[in-house]
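Presented below is the structure to which this report refers.
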Amino acid sequence: MFNLILFGPPGSGKGTQSERLIAKYGLKHLSTGDLLRNEIANQTPLGQAAKSIMDKGQLVPDEVVIEMMSSALDNNPQANGFLFDGFPRTNAQAEALDKLLTQKGTSIAVVLALQVSEKELVKRLLNRGLTSGRSDDTNEEVISARIAEYEKKTAAVADYYKKYDKVVYVKGEGSVDDIFDLLTKEIDSRKTAA
Ligand code: B4P
């Protein structure tokens with residue numbers, strides 16, 4: 001099993017690159033953002049509670065996303081590897097993910113961390129907001145709040161994985177194709193070594 005985390009601030013290209021990476025490597029894509037938006041679309045109690053938090057640009061409580069991720073892992077027993085996108089976003093989530101994967105006899109192979117300037121992040125998210133219909137992408141104040149949440153709670157997750165020497169930083173600015181090439185080089189070198 002090959003499991004990887006695509007890491008980075010909001011708008012860094014996690015969703016964009018995930019789609020291509022899962023197609024190339026046959027991994028199961030688990031995006032907490034997508035799972036939460038699915039709950040919102042289905043008007044579940046979880047989705048209704050999450051929507052107001054997401055609309056403010058804040059993180060949904062750890063216990064909610066951890067439970068959601070635990071179910072998603074259980075629902076995919078045939079997967080030959082997972083790509084985690086937007087998860088973990090806090091150290092508590094990282095510890096929980098380690099436990100869940102250990103229970104399944106596997107672990108994270110690598111954390112690929114996309115680096116993008118704040119100016120570029122805001123530009124991309126406002127641009128996506130023009131067409132995505134995502135309420136958290138249309139308001140610059142909410143976008144700033146999301147970036148601030150990332151700095152405050154999520155950036156430290158990279159330090160958590162650095163302890164295990166699993167973090168690789170990748171330049172997230174440039175063409176989608178060029179960034180994809182950088183990511184695949186990192187993955188291929190680890191898959192060969194594994
Ligand atoms: P997510 O759905 O994870 O949203 P994101 O971080 O904004 O998106 P992503 O990084 O995937 O977007 P991408 O760059 O691909 O989270 C949304 C919310 O859900 C969070 O704010 C939080 O409230 C909640 N949530 C999710 N997970 C959680 C967790 N674990 N714990 C607690 N709360 C959680 O795309 C951005 C734009 O950039 C696109 O328009 C794309 O086309 C463009 N783009 C991509 N690559 C580009 C490039 N190279 N050049 C130019 N543009 C590019």
Side-chain angles (χ1 to χ4, degrees), residues 5-22 29-41 46-73 82-98 100 111-158 160 170-183:
I5 295 172
L6 201 51
F7 187 76
S12 55
K14 302 184 298 286
T16 306
Q17 296 295 337
S18 289
E19 278 182 32
R20 294 173 157 229
L21 292 171
I22 55 162
H29 182 202
L30 291 182
S31 153
T32 33
D34 288 350
L35 291 169
L36 288 165
R37 283 185 287 278
N38 197 31
E39 297 279 343
I40 294 172
L46 191 162
Q48 282 165 350
K51 184 170 181 354
S52 61
I53 299 171
M54 290 165 74
D55 280 348
K56 286 188 222 135
Q58 294 167 356
L59 293 184
V60 174
D62 285 336
E63 56 276 19
V64 175
V65 279
I66 290 166
E67 181 58 36
M68 207 173 63
M69 187 52 76
S70 175
S71 305
L73 286 169
F82 293 99
L83 188 164
F84 296 97
D85 162 7
F87 182 89
R89 263 177 155 97
T90 63
N91 276 341
Q93 293 180 20
E95 283 166 20
L97 179 61
D98 270 358
L100 289 169
V111 177
L112 297 172
L114 292 165
Q115 290 186 298
V116 177
S117 71
E118 183 163 343
K119 193 169 157 226
E120 172 73 10
L121 296 175
V122 174
K123 194 176 101 189
R124 286 184 190 178
L125 292 173
L126 283 173
N127 197 31
R128 181 170 66 184
L130 296 175
T131 52
S132 68
R134 273 179 59 170
S135 45
D136 59 346
D137 280 346
T138 39
N139 178 324
E140 199 160 342
E141 257 175 55
V142 174
I143 290 173
S144 294
R146 287 161 64 192
I147 295 171
E149 280 279 85
Y150 172 83
E151 295 298 341
K152 196 165 132 202
K153 299 178 181 162
T154 307
V157 173
Y160 175 90
V170 174
K171 186 166 176 272
E173 290 189 45
S175 78
V176 171
D177 283 347
D178 287 348
I179 298 162
F180 181 68
D181 283 346
L182 294 173
L183 293 170

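Only this structure's heavy atoms are used, side chains among them; waters, hydrogens and symmetry mates stay out. Remember, it's 1-based here, ligands and their atoms both numbered in the order they're listed.
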Below 4.0 Å from any atom of ligand 1, is there a heavy atom belonging to Ile53?
-> no
Note: Asp181-Arg20 ion pair, threshold 4.0 Å (strictly below) = no
Is there at least one pair of N or O atoms, one from Gly11 and one from ligand 1, spaced under 3.5 Å apart?
-> yes
N or O contact, Gln58 vs ligand 1, cut-off under 3.5 Å = yes
Just by distance, do the side chain of Arg146 and the backbone of Asp136 share a donor-acceptor pair under 3.5 Å?
-> yes
Taking the minimum heavy-atom distance to atom 26 (C) of ligand 1, which of Arg134, Lys153, Arg89 ranks first?
-> Arg89
Nearest-0.5 Å distance that lies between atom CG in Leu114 and atom OG1 in Thr16 = 9.5 Å
What atoms of ligand 1 come closer than 4.0 angstrom to any heavy atom of Phe87?
-> 30 (N)
Counting heavy atoms under 4.0 Å, the part of Asn127 that contacts ligand 1 is neither
Under 4.5 Å between any side-chain heavy atoms of Val157 and Arg89, yes or no?
-> no
Give yes if a backbone or side-chain nitrogen or oxygen of Glu120 is under 3.5 Å from a nitrogen or oxygen of ligand 1, and no if not.
-> no
Using a 4.0 Å heavy-atom cut-off, say whether Met54 meets ligand 1 through its side chain, its backbone, both or neither.
-> both
Counting heavy atoms only, which of Lys171, Arg128, Lys51 is nearest atom 35 (O) of ligand 1?
-> Arg128
Would you say Met54 and Ile40 make side-chain contact, with heavy atoms under 4.5 Å?
-> yes
Could you pull out, from Arg37, Gln93, Arg124, the option with a heavy atom nearest to atom 30 (N) of ligand 1?
-> Gln93
Ligand 1 versus Asp62: contacting region, heavy-atom distance under 4.0 Å | neither
Between the side chain of Gln17 and the main-chain N/O of Val176, is any donor-acceptor distance below 3.5 Å?
-> yes
Using modelled atom types only, decide if a donor and an acceptor are shared between the side chain of Ser70 and the backbone of Ile66 within a distance under 3.5 Å.
-> no
Could you list which atoms of ligand 1 come closer than 4.0 Å to a heavy atom of Val65?
-> 29 (C), 31 (N)
With only distance considered, is Pro88 within less than 3.5 Å of ligand 1 through an N or O on each side?
-> no
Ligand 1 and Asp136, any nitrogen or oxygen pair closer than 3.5 angstrom?
-> no
